[in-house]
Visitor: 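Supplied in structure tokens, the structure appears directly below.
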Amino acid sequence: MAYFKIDNDIADSEYLPAFSLTIDDSWITSLYSDTDMQAELAKILQSNGKISVFDFQDGLYKRLTVEDNITFYHKWFGFDTPIPEILVLFELHTCAKTPLHKCSESEIRRVYFARYYMSGMNPMVFREPIHGVDIKTINTFIHMIEKIKNNNVPVLVLVSNMEHALLLGEMAYKLQEKGIRKIETDEEEEQTAAENSTPTVTTNLFKVPAKVDDKMILFDPLEIDYIESQDGKAMIVIEDQSYALDFTLGEVEKKLEIYGFYRCHRSYIVNLQKVREIITWSKNTYSLRIDNKSQSTIPLSRNKIQDIQEKFSLK
Amino acid sequence: MHIQRITAIFEKDLKDFMKNMMLLTLPLIPVVLALLYTRMGEGNEAFPVFLLYIIVGTTYSAVTSSSMMTMMAEENEKKTLRGLIQSPATMMDVIIGKSLVTGLITFIALAVSLVIVDIEPFLNFRVILGLILLFLFFLLLGIGIGLFTKSIAATSVYLMPVMFLFGFTPMFEMLGLNEDSIALKVADALPIMQAIEIHHTTSWIPLGIIAVWVVGAALSMYVCFKKTMTDE
């Protein structure tokens, strides 16, 4: 079993809390933090830990075709798998003859994936690997880190988006000023919430009160996109704006159930009216795509998929 | 040294060269110059040696030094080598791979332009040895500058002195300076002038002086190399 450890010797910085994290090769680890902390962490990993962080900032050869780029890196790193296989693995065979400057953002990202994959680095640390790319590319990435894990190389993914952390990491952590905390991913204590669900009689008039500075804003349940949990507090998200609630997620769930809201994940409640698409990722994980401006995706627990399919087919 | 890496860089840069208009026009400069000179000539009159060496100097400064600098500066500017270079040895592989591309292009440009004018005076062992030493001198100069330039735009600034001082030395004769002036004496010691000297004497001294220049260029390149490797 291979592993590496980030502790105070490496992560010695005034911007970062003291923490220690062991990344081993049996789980893909994802680390959620805000962008400032992530930048600081990437910097110290590179300078103190001598670990190269794959941040997609290094250049590719823009004038050359996708295939020429892959051929070069393949030869440079002395990688064994034949080139056509690499092209197929990263879904690049359709654009193999296109010069890079004519490729889409997602295609270029997949060339980066291929390059990092062939580099044979150990461990592999990725920074924001699936930010702003299409579903196909996200799937390729999931495939790739699965493969890397099977080669017994530890993988760490740094993200600043909770959905991505939950989608990519089998072990997800959250880094804040207070320190590091594991994010419970799935299953487990579902029962506690289900036990005392005495149906509360609600009046027809129901608004969700949220605090913004000193003001109390009342939201119509139907305009809410979804609700996520942050540090035990529920946050409602409407068109990418989030507002803090005074309830826990469990309390909100009970109140909003009758308005077509559904607890699709331990830390998410979704407005089913706004779900546009159920995305199935390659390793049997699911996400829900919300019909809002940024088309945000939120995670859907594996054990909830049956439930949600039933819900939709009944309607 | 790692043969596989060198060939990887060689193949990549050769493909890139063919697609880069900026580099592709460089070898055309001496060829066009050669064509111009043949039109200017008076028919079957032999070419003066110093004119031939203006073409040689142009080839080496505009093709060898310039393309080497540009290729290395582009890698620096676009950070394409980040993550590929783990040790000074891998950097050396990159430099060797690029030198091979530059060597190939220079050879083609030089051969074509000399055939156009008059290749006869060059078919001599000592002269060819002189040309090879000159090539090494300009190549090492290009590598040295390429190592520390951070952008392609900056290369043109560095290229100017290389071109005028080392590339166009024979033209100093035409400036109408006094025979005894210090400028001319200094110019006479520059590598291209020594290469012309090879044609006039049978002594090996000019070759020796060029060799000293090559060693000098190699030393300056080594200093640049050490400096850039410790910077990162």
Side-chain angles (χ1 to χ4, degrees), chain A residues 42-43 45-83 86 96-103 108-109 111-127 129, chain B residues 1-26 67 70-98 100-101 105 146 149-153 228-232:
Chain A
K43 208 174 86 192
L45 276 183
Q46 235 145 1
S47 55
N48 301 1
K50 302 278 174 246
I51 295 164
S52 32
V53 176
F54 299 140
D55 55 4
F56 310 95
Q57 294 303 306
D58 30 13
L60 299 169
Y61 299 99
K62 288 279 154 72
R63 275 186 296 268
L64 297 179
T65 63
V66 170
E67 193 175 11
D68 287 342
N69 269 281
I70 300 291
T71 313
F72 169 64
Y73 294 119
H74 186 269
K75 200 157 190 181
W76 178 269
F77 293 119
F79 202 71
D80 288 330
T81 320
I83 293 166
I86 296 279
K97 300 275 182 252
T98 324
L100 237 51
H101 61 87
K102 285 187 186 148
C103 284
I108 289 178
R109 194 67 66 90
V111 178
Y112 273 113
F113 290 162
R115 169 183 167 173
Y116 294 151
Y117 180 63
M118 290 190 287
S119 76
M121 228 40 115
N122 187 351
M124 298 233 184
V125 182
F126 296 92
R127 184 175 170 196
Chain B
M1 212 201 284
H2 206 291
I3 299 298
Q4 193 180 7
R5 290 206 195 107
I6 295 174
T7 47
I9 282 280
F10 178 76
E11 285 166 12
K12 187 268 294 174
D13 270 322
L14 204 58
K15 281 180 204 154
D16 200 45
F17 198 100
M18 295 307 159
K19 293 187 174 171
N20 190 344
M21 280 317 281
M22 188 176 153
L23 289 177
L24 213 51
T25 46
L26 291 177
S67 53
T70 315
M71 280 197 281
M72 295 190 64
E74 191 171 6
E75 303 263 18
N76 286 342
E77 183 174 313
K78 302 205 171 139
K79 302 201 182 80
T80 34
L81 289 180
R82 224 190 74 188
L84 299 189
I85 304 297
Q86 260 91 50
S87 67
T90 40
M91 188 67 209
M92 216 54 220
D93 293 340
V94 173
I95 292 175
I96 295 170
K98 286 185 187 306
L100 290 176
V101 177
I105 305 292
T149 39
K150 293 277 172 281
S151 73
I152 302 173
T228 44
M229 287 325 283
T230 45
D231 274 358
E232 284 150 0

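Naming: A, B, ... by sequence-line order, numbering from 1 per chain.
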Visitor: Top residue by heavy-atom pair count (under 4.5 Å) with chain B, among Trp76(A), Phe72(A), Tyr116(A)?
Guide: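 Maximum pair count with chain B is reached by Trp76(A).
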
Visitor: Going from CZ on Arg63(A) to CG on Leu23(B), what distance comes out if it is rounded to the nearest 0.5 angstrom?
Guide: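 That separation rounds to 7.0 Å.
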
Visitor: Measuring from Asp68(A):CG to Glu11(B):CD, what's the distance to the nearest 0.5 Å?
Guide: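 Taking CG in Asp68(A) and CD in Glu11(B), the distance rounds to 10.0 Å.
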
Visitor: With rounding to the nearest 0.5 Å, note down the distance linking CG in Asn69(A) to NZ in Lys12(B).
Guide: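 Asn69(A) atom CG to Lys12(B) atom NZ measures 9.0 Å (nearest 0.5 Å).
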
Visitor: Between Asp55(A) and Arg82(B), does any side-chain N to carboxylate O distance fall below 4.0 Å?
Guide: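 Salt bridge flag = yes for Arg82(B) with Asp55(A).
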
Visitor: What distance separates Thr80(B) OG1 from Lys62(A) NZ, expressed to the nearest 0.5 Å?
Guide: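 The distance works out to 10.5 Å.
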
Visitor: Counting only heavy atoms closer than 4.5 Å, note whether Ile6(B) contacts chain A via side chain, backbone, both or neither.
Guide: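 Nothing of Ile6(B), per the 4.5 Å heavy-atom cut-off to chain A.
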
Visitor: Which atoms of Gln4(B) are under 4.5 Å from chain A, going by heavy atoms: the side chain, the backbone, both sets, or neither?
Guide: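 Both parts, backbone and side chain.
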
Visitor: Testing the 3.5 Å rule here: is there a donor-acceptor pair between the side chains of Tyr61(A) and Glu74(B)?
Guide: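 Side-chain D/A pair, Tyr61(A) to Glu74(B): absent.
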
Visitor: Please rank Met18(B), Lys78(B), Glu77(B), Lys15(B) by heavy-atom pairs under 4.5 Å with chain A and give me the top one.
Guide: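 That would be Lys15(B).
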
Visitor: Under a 4.5 Å heavy-atom cutoff, which of Leu81(B), Thr7(B), Ile9(B) has the most pairs with chain A?
Guide: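 With the most close heavy-atom pairs to chain A, the winner is Ile9(B).
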
Visitor: Using non-hydrogen atoms only, which part of Glu75(B) is less than 4.5 Å away from chain A: side chain, backbone, both, or neither?
Guide: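 Side chain of Glu75(B) only, per the 4.5 Å heavy-atom cut-off to chain A.
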
Visitor: What part of Leu60(A) is in contact with chain B, defined as an atom under 4.5 angstrom from a non-hydrogen atom: side chain, backbone, both or neither?
Guide: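 Only the backbone of Leu60(A) comes within 4.5 Å of chain B.
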
Visitor: For Phe54(A), which atoms come within 4.5 Å of any heavy atom of chain B: side chain, backbone, both, or neither?
Guide: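 Neither part.
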
Visitor: Taking it one step at a time, do Lys79(B) and Asp58(A) satisfy salt bridge (charged side-chain N to carboxylate O under 4.0 Å, His left out)?
Guide: CA-CA 5 Å; Lys79(B) 302 201 182 80; Asp58(A) 30 13; over 6 Å; no

